[in-house]
Amino acid sequence: MFDSVRRTVVVVGAQWGDEGKGKLVDVLAERADWVIRYQGGANAGHTVHIGDTTFVLHQIPSGILHPRVRCAIGNGVVLDPQTLFTEIDELRAKGIDVEGRLCVSDRAHMVLPYHKLVDSESAANREIGTTGRGIGPAYEDKVGRRGIRVLDLRHKEKLRAQVEQGVAHANGRLIASGSSARAEVAPALEMLNGLTDRLLPLAADVGLAAHEAMMGGAAVLLEGAQGSLLDIDHGTYPFVTSSNTTSGGAAIGAGISPMALDAALGVVKAYTTRVGNGPLPTELEGELQETVRTLGNEFGATTGRARRCGWFDSVVVRYAVRINGLTDLAVTKLDVLDTLDKLAVCTGYVIDGELHTEFPGDLTALESAEPQYEWLEGWRADTSHSRSLDDLPSQARRYLDRIEELVTAPITYVSVGTRRDQIIGLEDA
């Protein structure tokens with residue numbers, strides 16, 4: 001992805017999240033100088049397998065696993081400081097030194113105990129399927145201008161008043177929801193005071209640091225969380241996350257100019273999954289659902305929840321290509337399909353008797369959509385040892401070719417396993 005022309009690259013999920021972005025960021029970070037996480041919070045879970053060691057990163061960019069790469073958490077992230085230092089300590093225990101390589105935007109808003117309490121007590125959030133980690137309430141406080149940013153830790157005299165305001169609002173939410181739980185000021189202040197000495201030394205103007213790095217010719221990778229169909233504006237609202245997961249949010253969340261983005265890599269699974277409620281037009285049924293879930297180990301890295309599985313949906317991915325301006329695609333988990341006799345690809349939806357090939361914004365229409373399938377032969381062969389396009393069975397190559405045709409974006413990478421080395425790069429193929 002990186003060359004003399006493409007020096008700033010954004011990686012986005014092009015389905016409903018869990019597409020394998022962590023692995024692709026890890027692979028691309030080998031040629032990057034900076035990796036910046038630009039939105040979301042500790043509700044994300046990027047899993048990277050290196051040898052026999054598994055790393056699950058919730059807020060720290062996956063590039064941290066490369067010793068020379070500098071990493072940053074941007075202003076678009078809602079930071080859970082407790083989880084951040086848990087991650088740092090776990091990385092150190094596994095031999096990954098983050099000293100001098102990680103910074104956090106001083107403009108990033110923080111997730112506090114009362115955000116998590118409101119999230120866990122909300123019946124509406126449970127229906128949508130949120131992770132209960134306080135992400136939505138923290139973003140609500142940010143937009144409501146009562147959020148607490150990392151830089152506010154520098155002003156102890158104002159901090160108590162800010163926390164009191166946040167707690168009062170949280171308790172109003174709890175009362176309105178009928179919950180008997182109540183937020184308190186003391187636990188939030190105790191947490192913040194206990195972490196200030198560790199967090200403030202990491203605080204920086206990430207946007208300025210990224211700008212200066214780019215002006216110096218650095219290769220910068222922007223890492224998103226969740227997927228395009230969970231975008232607050234462009235996803236399957238209201239079954240979405242609380243931030244802009246698409247490439248348009250990358251510049252805002254990192255504090256750089258949108259004109260600085262040179263390329264956008266969309267990551268998709270060779271099939272489709274989503275966690276929680278909301279439409280999934282190509283959802284599998286019965287035994288096949290369980291088979292694919294088991295083969296793909298489709299359980300959330302953050303929550304452990306079982307993911308719903310479906311056939312590859314080209315309507316969804318073509319939509320993601322358009323709204324993100326995707327220049328490239330990475331297809332992950334191709335190996336999960338190795339044992340299936342036949343594979344279906346959704347090419348359109350029938351809604352009220354009419355064929356639609358563009359993704360609808362109307363949730364009611366989407367819920368009644370009947371997917372139209374094109375069936376292809378499976379390859380019934382082990383692809384996990386493939387390291388070039390020629391190594392793949394002809395049926396697997398045909399499957400990838402058809403995906404390219406339908407979604408109108410070139411496939412640049414194909415992942416055939418969980419390990420770092422189980423990937424096919426097609427840039428020069």
Side-chain angles (χ1 to χ4, degrees), residues 10-21 24 39-40 128 222 224-251 258 261 263-283 307-333 344-352 354-374 399-413:
V10 55
V11 176
V12 299
Q15 293 162 318
W16 276 280
D18 308 307
E19 302 95 345
K21 296 180 293 297
L24 266 296
Q39 50 76 222
I128 289 171
L222 304 174
Q226 291 91 36
S228 298
L229 276 294
L230 294 176
D231 185 282
I232 186 68
D233 288 299
H234 302 292
T236 47
Y237 188 90
F239 298 97
V240 293
T241 193
S242 302
S243 59
N244 288 114
T245 61
T246 43
S247 62
L261 303 180
L265 174 69
V267 185
V268 298
K269 281 177 181 167
Y271 47 101
T272 309
T273 65
R274 79 171 298 168
V275 173
N277 297 324
L280 181 62
T282 65
E283 187 165 9
R307 299 180 186 127
R308 298 155 59 198
C309 301
W311 293 121
F312 187 89
D313 192 332
S314 71
V315 180
V316 163
V317 178
R318 187 167 60 251
Y319 173 64
V321 169
R322 174 169 62 82
I323 61 175
N324 287 290
L326 297 181
T327 57
D328 303 81
L329 280 183
V331 177
T332 65
K333 292 200 167 185
V345 174
C346 175
T347 59
Y349 307 143
V350 173
I351 303 173
D352 295 332
E354 293 187 10
L355 179 64
H356 294 255
T357 57
E358 297 296 335
F359 192 77
D362 188 334
L363 196 66
T364 301
L366 189 59
E367 287 173 339
S368 67
E370 296 180 14
Q372 298 299 290
Y373 290 120
E374 180 177 313
Y399 185 70
L400 295 171
D401 288 343
R402 189 59 180 138
I403 287 174
E404 274 192 337
E405 293 167 0
L406 289 168
V407 306
T408 67
I411 295 173
T412 307
Y413 296 96

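When reading the values below, keep in mind they use all heavy atoms of this one structure, side chains included, and skip hydrogens, waters and symmetry mates.
Taking 4.5 Å as the limit, every side-chain heavy atom of W16 sits out of range of all side-chain heavy atoms of D18. In this structure the side chain of L363 reaches within 4.5 angstrom of the side chain of E367, judged on heavy atoms. Between P371 and W311, every side-chain heavy-atom pair lies at or beyond the 4.5 Å cut-off. Residues T332 and L24 form a side-chain contact, since some pair of their non-hydrogen atoms from C-beta on lies under 4.5 Å apart. Side-chain contact check for D328 versus Y413: every heavy-atom pair is 4.5 Å or farther apart. By the 4.5 Å heavy-atom criterion applied to side chains, V316 and T282 are not counted as neighbours.
Atoms CD and CZ, from Q15 and F312 in turn, are 6.0 Å apart once rounded to the nearest 0.5 Å. Here the CD1-CG distance, from I411 to D401, works out to 7.5 Å after rounding to the nearest 0.5 Å. In this structure, the separation between CZ on R318 and CG on D313 is 9.0 Å, given to the nearest 0.5 Å. With rounding to the nearest 0.5 Å, the separation of CD in E405 from OG in S314 is 11.0 Å. For the atom pair H356 NE2 and D362 CG, the distance stands at 10.0 Å (nearest 0.5 Å). For the atom pair CZ (R274) and CZ (F239), the distance works out to 7.5 Å, reported to the nearest 0.5 Å.
Across all their heavy atoms, A409 and V321 have their closest contact at CB-CG2, 3.9 Å. The two residues A320 and A14 make their nearest non-hydrogen contact at CB-O, 3.5 Å.
T246 and D231 are linked by a side-chain donor-acceptor pair at a separation below 3.5 angstrom, with hydrogens and angles left out of the test.
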